[in-house]
Protein chains: 2
Amino acid sequence: MNLSTEDIKVHLLKHNIKPSYHRVAILRCLLSNKDHPSVDKIYNELVKEMPTLSKTTVYNTLSLFCGVNIVRVITIEENETRYDGDVSDHGHFKCEKCKTIYDFQIKSLDFEIDDLSGFKINEKNVYYKGICPKCLNNK
Amino acid sequence: MNLSTEDIKVHLLKHNIKPSYHRVAILRCLLSNKDHPSVDKIYNELVKEMPTLSKTTVYNTLSLFCGVNIVRVITIEENETRYDGDVSDHGHFKCEKCKTIYDFQIKSLDFEIDDLSGFKINEKNVYYKGICPKCLNNK
DNA sequence: AATAAATTTGTAATGATTACAATTTTATAA
DNA sequence: TTATAAAATTGTAATCATTACAAATTTATT
């Protein structure tokens with residue numbers, strides 16, 4: 001995605017978040033990288049340009065973003081939380097070898113039977129695990 | 001479910017796992033409780049009957065079971081892994097209030113478009129989050 | 001009964017996340 | 001502009017689930 005700083009600021013302001021330098025950088029990182037980065041990945045990428053960055057800020061900012069639904073948490077493996085700047089409904093495929101997370105489209109997310117009548121559904125998640133084509137070839 | 005010790009032993013042996021006392025107890029716990037317990041829950045339930053039980057054993061045993069696919073990991077929240085003795089394809093709904101995990105049936109798990117041709121899919125997971133009917137009423 | 005193999009245990013290490021107080025930056029009011 | 005308050009960021013320490021690992025126990029084999 002080719003997002004200007006201005007676009008990102010507007011996006012944040014729409015959700016009543018003051019677009020500080022750090023916040024813009026973190027959101028840009030999530031919107032431009034489609035690789036569903038971990039906190040560590042984001043931190044390491046940004047700390048190059050902003051040496052004073054603290055990992056706590058990355059954590060704080062991401063949970064701020066999640067709270068207003070401009071970012072989503074991807075919980076696939078227990079030990080590593082990943083984040084997604086794309087909040088539209090879609091599935092994730094995580095390669096068990098290279099740990100890459102791929103997106104995939106889902107025909108329809110209305111596939112449950114009536115088991116859940118009476119439940120208030122806030123969030124739907126679909127993820128697969130397996131081996132990606134790249135790793136299937138490289139063995 | 002009304003499973004005899006004998007049934008459980010046979011089930012384990014089918015997967016080349018020696019049915020030790022602890023293993024049988026842990027598997028029984030998962031098969032009879034439909035509440036998708038955490039390690040802690042399993043440990044606390046079993047330690048009453050077997051006071052020497054170690055939490056490490058619960059961890060070891062569960063990963064042994066997962067390795068041969070008689071138990072599945074449910075990763076919904078980052079901070080608490082839950083386990084499921086039902087390995088058939090179905091979805092999970094986790095109540096954000098009471099933390100209960102409910103099962104629900106899925107019409108079909110073949111809902112991805114062809115995005116994943118060339119991928120080797122080992123595992124499909126669907127989970128929702130929200131508020132269960134019980135908690136919706138109790139506010 | 002002696003030995004080897006498998007299982008279980010308990011403690012310590014790991015590592016991601018959170019709590020929190022201190023510091024810095026930004027906004028507001030005099 | 002300067003002083004003051006509010007918000008954002010930082011850094012360190014605490015938390016807590018999970019794992020590593022070596023010792024102890026149990027089970028199987030000779």
Side-chain angles (χ1 to χ4, degrees), chain A residues 5 8-9 12-13 15-29 36-68 70-83 94 99 101, chain B residues 5 8-9 12-13 15-29 36-68 70-83 94 99 101:
Chain A
T5 301
I8 293 171
K9 283 185 178 173
L12 285 171
L13 284 168
H15 294 272
N16 296 313
I17 293 176
K18 211 172 296 177
S20 73
Y21 187 67
H22 290 101
R23 287 169 178 172
V24 170
I26 291 170
L27 185 53
R28 191 209 311 284
C29 186
H36 316 86
S38 63
V39 166
D40 240 60
K41 181 108 189 296
I42 296 170
Y43 173 78
N44 285 314
E45 198 160 318
L46 295 181
V47 80
K48 292 179 214 156
E49 315 151 21
M50 12 203 307
T52 72
L53 181 65
S54 154
K55 208 176 272 187
T56 302
T57 299
V58 180
Y59 276 106
N60 290 342
T61 304
L62 288 171
S63 49
L64 178 69
F65 290 172
C66 288
V68 299
I70 59 178
V71 162
R72 287 192 62 176
V73 173
I74 309 177
T75 312
I76 296 185
E77 229 73 63
E78 317 74 53
N79 53 343
E80 195 190 38
T81 303
R82 303 274 207 110
Y83 294 87
K94 179 166 185 179
K99 311 301 180 194
I101 294 179
Chain B
T5 301
I8 294 172
K9 284 185 177 173
L12 285 171
L13 284 168
H15 295 269
N16 295 314
I17 293 177
K18 211 173 295 176
S20 74
Y21 187 65
H22 290 100
R23 289 169 176 172
V24 170
I26 290 170
L27 185 53
R28 191 209 313 283
C29 187
H36 315 87
S38 62
V39 165
D40 239 60
K41 180 109 191 297
I42 296 169
Y43 173 77
N44 285 314
E45 197 161 319
L46 294 181
V47 79
K48 293 178 213 159
E49 315 151 20
M50 12 203 307
T52 72
L53 181 66
S54 152
K55 207 175 272 187
T56 303
T57 299
V58 180
Y59 276 106
N60 290 341
T61 304
L62 287 172
S63 50
L64 178 69
F65 289 172
C66 289
V68 298
I70 58 178
V71 162
R72 288 194 61 177
V73 173
I74 308 177
T75 311
I76 297 185
E77 229 74 63
E78 317 75 53
N79 52 345
E80 194 191 41
T81 303
R82 303 273 208 111
Y83 295 86
K94 180 166 182 178
K99 312 300 181 197
I101 294 179

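So that the names make sense, note that chain A is the first sequence line, chain B the second, and so on, each numbered from 1. In this text the structure is predicted, and so the values were computed from the model without any measurement.
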Can you tell if the side chain of Asp40(B) reaches within under 4.5 Å of the side chain of Lys55(B), non-hydrogen atoms only? yes
What integer distance in Å separates Leu62(A):CG from dA16(C):C1'? 14 Å
d(OH, Tyr59(B); P, dT11(C)) in whole Å: 16 Å
Roughly, in whole Å, what's the span from CE in Met50(A) to P in dG11(D)? 12 Å
Are the side chains of Leu64(A) and Val68(A) in touch, meaning some heavy atoms are under 4.5 Å apart? no
Please check the phosphate of dT9(C) (OP1 and OP2 only) for any side-chain N or O of Thr56(B) closer than 4.0 Å. no
Distance, rounded to the nearest Å, where Asn79(B) contributes CG and dC16(D) contributes P: 11 Å
Without decimals, in angstroms, what is the distance between Asp40(B) CG and dT19(D) C1'? 16 Å
For Leu64(A) and dA7(D), what is the distance between atoms CG and P respectively, to the nearest whole Å? 13 Å
note: Tyr21(B), atom OH; dT9(C), atom C1'; distance rounded to Å ~ 17 Å
Nearest-angstrom distance from the residue atom CG of Leu13(B) to P of dA28(D): 11 Å
Name the nucleic acid region contacted by Thr81(A), choosing base, sugar-phosphate or nothing; use a 4.0 angstrom heavy-atom cut-off, strictly under. sugar-phosphate
Is there side-chain contact between Arg82(A) and Lys99(A), with at least one heavy-atom pair below 4.5 Å? yes
Along DNA chain D (nearest heavy atom to each residue), the more 5'-positioned of Ser63(B) and Ser54(A): Ser54(A)
Check Leu46(B) against Ile26(B) and note the closest heavy-atom contact, atom names and distance. CD1-CG1, 3.5 Å
Heavy atoms, side chains only, cut-off 4.5 Å: are Pro37(A) and Glu45(A) in contact? no
Side-chain N,O (Ser20(A)) to OP1/OP2 (dT9(D)) below 4.0 Å: yes
Between Asn60(B) and Lys18(B), whichever has its closest DNA chain D nucleotide further toward 5' is Asn60(B)
Is His22(A) close enough to dT10(D) that one of its side-chain N or O atoms is under 4.0 Å from OP1 or OP2 there? yes
